[in-house]
Trainee: 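I'd like to ask you about the structure that follows.
Order of appearance sets the numbers: ligands from 1, and atoms from 1 within every ligand.
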Amino acid sequence: MIVVASTAEMQQRALEVRSAGRSIGLVPTMGALHEGHLSLVRAARRDNDFVVVSLFVNPTQFGPNEDLQQYPRDFETDRRKLEAERVDALYAPSTEEVYAAGFQTYICVEELGARLDGASRPMHFRGVATVVAKLFNVVQPHRAYFGQKDAAQVAVIRRLVRDLCFPVQLVVCPIIRESDGLAMSSRNGYLNPEERKAATVLYRSLREAEARYREGERSGEALTRVLLECLAAEPLARVDYAAVVDPDSLLPLERLEDPALVAVAGWFGTTRLIDNTLLGESRHDYP
Ligand code: PAF
């Protein structure tokens, strides 16, 4: 595995791989790699000749009072994990390399970027869309891999790819969970033991909504109530949002369509976590 810090070098190598007729798969990450990330890497390895993982803690997607400084960083452990997965290139640029002096071009996915997580984290998706567009231009992937856990991010990036005609196929991989159902996240490490236990309420609320859906409930409002009631029963959880929305537009659904995205976000102490599930017959084929 080569480790590349320079954008010019990464772009040059990507051009060479493409000129040789080989396919490139990109897995964008911010490091602190867990099984969720590694499932994306394995999918990329399965589908492509050349796999690039980017590791960059992107400052523009963090708000002023968020966890940019605290975000876990362990380059050596991440490097070893990626080597074991037979990744071809680890692209790990510095902040100055990505946002050179004078940088002032941002991408804003306007309406989608202000829904769900975008409503609680106002500049978040501007930062995500900008860095992902840069990564696409540098790594020039045929396919890019994202986790379904970040469902709103998936919707924003899908829109970005369509709107700006990026010749990239998005591959969205299932949520990977701990044995008690908690969705894997680099931020789970912030939780103390009580918060860690309480955080499973996110998954329980989704299971509850799934059960009601299986019993025939199709009202978005009724299913949202199920989520909120379940979340309210956990005293350590502070709800950020609970929503039943269209997975493309992220707009609330009055009656459930196929597929529907059921999404929750909550605070456990100072840690904000998200989770979701897709409902409907076609959910396995989505997107
Ligand atoms: O999902 C993430 O880890 C980040 O939002 C991403 C896509 C790597 C962009 O910084």
Side-chain angles (χ1 to χ4, degrees), residues 4 7 10 25-41 43-44 51-63 66-75 78 81-82 87 89-95 97-99 103 105-109 112-113 115-118 120-139 141 143-161 164 166 168-176 183-190 250 263 265 271-276 287:
V4 183
T7 295
M10 186 69 246
L26 167 67
V27 182
T29 83
M30 299 205 299
L33 303 178
H34 51 65
E35 278 299 312
H37 297 109
L38 298 182
S39 72
L40 305 181
V41 172
V51 175
V52 181
V53 174
S54 63
L55 195 169
F56 178 63
V57 181
N58 175 34
T60 63
Q61 70 186 73
F62 289 79
E66 294 186 349
D67 56 338
L68 173 62
Q69 300 309 327
Q70 198 191 345
Y71 199 82
R73 293 164 172 86
D74 185 350
F75 182 81
D78 287 346
K81 287 182 182 174
L82 295 174
V87 166
L90 168 55
Y91 172 51
S94 65
T95 303
E97 183 76 9
V98 177
Y99 298 109
F103 184 93
T105 307
Y106 291 91
I107 295 180
C108 178
V109 181
L112 273 181
R115 293 179 187 146
L116 294 190
D117 305 286
S120 322
R121 308 181 66 190
M123 303 301 263
H124 175 65
F125 286 126
R126 181 182 88 139
V128 170
T130 302
V131 83
V132 167
K134 287 198 65 147
L135 289 169
F136 286 174
N137 283 332
V138 174
V139 177
R143 301 183 189 85
Y145 296 77
F146 295 90
Q148 172 60 27
K149 187 181 74 82
D150 299 304
Q153 171 168 282
V154 167
V156 165
I157 294 170
R158 192 185 291 123
R159 192 71 259 166
L160 166 78
V161 164
L164 298 188
F166 281 103
V168 179
Q169 182 194 339
L170 297 187
V171 182
V172 181
C173 298
I175 298 175
I176 305 294
M184 288 198 186
S185 161
S186 305
R187 292 187 166 98
N188 290 349
Y190 296 157
L250 304 180
T271 305
R272 183 177 175 280
L273 298 178
I274 58 175
D275 201 349
N276 70 82

Trainee: Please state whether the rings of Tyr99 and Tyr106 are parallel, tilted or perpendicular, taking 30° and 60° as the class boundaries.
Mentor: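 Parallel: the ring planes of Tyr99 and Tyr106 meet at under 30°.
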Trainee: Nearest heavy-atom pair of Ile274 and Ala265: which atoms, and what distance?
Mentor: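 Looking at all heavy atoms of both residues, the closest pair is CG2-CB, 3.7 Å.
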Trainee: Within a distance under 4.0 Å of any heavy atom of Val131, pick out the atoms of ligand 1 and give their elements.
Mentor: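 Reading through ligand 1 atom by atom, the close ones are 9 (C), 10 (O).
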Trainee: Among all protein non-hydrogen atoms, which one is nearest to atom 9 (C) of ligand 1, and what is the separation to 0.1 Å?
Mentor: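 For atom 9 (C) of ligand 1, the nearest protein heavy atom is Gln61 OE1, 3.3 Å.
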Trainee: Contact between Val98 and Phe103 at the side-chain level, heavy atoms closer than 4.5 Å - yes or no?
Mentor: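 No; the side chains remain at least 4.5 Å from each other.
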Trainee: Which protein heavy atom lies closest to atom 3 (O) of ligand 1, and at what distance to 0.1 Å?
Mentor: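 Going by distance alone, atom 3 (O) of ligand 1 is nearest to Met30 CG, 3.7 Å.
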Trainee: Identify, by atom number and element, the atoms of ligand 1 in contact range of Gln153, meaning under 4.0 Å from any of its heavy atoms.
Mentor: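 Near Gln153, the atoms of ligand 1 are 1 (O), 2 (C), 4 (C), 5 (O), 7 (C).
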Trainee: Would you call Arg187 and Asp67 a salt bridge, using N to O less than 4.0 angstrom?
Mentor: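 Yes, charged N to carboxylate O under 4.0 Å.
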Trainee: So, are Asp117 and Arg272 salt-bridged, with charged N and O less than 4.0 Å apart?
Mentor: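 Result for this pair is yes, salt bridge flagged.
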Trainee: I need the atoms of ligand 1 closer than 4.0 Å to a non-hydrogen atom of Pro28, numbered in the order shown.
Mentor: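 Answer, ordered by atom number: 8 (C).
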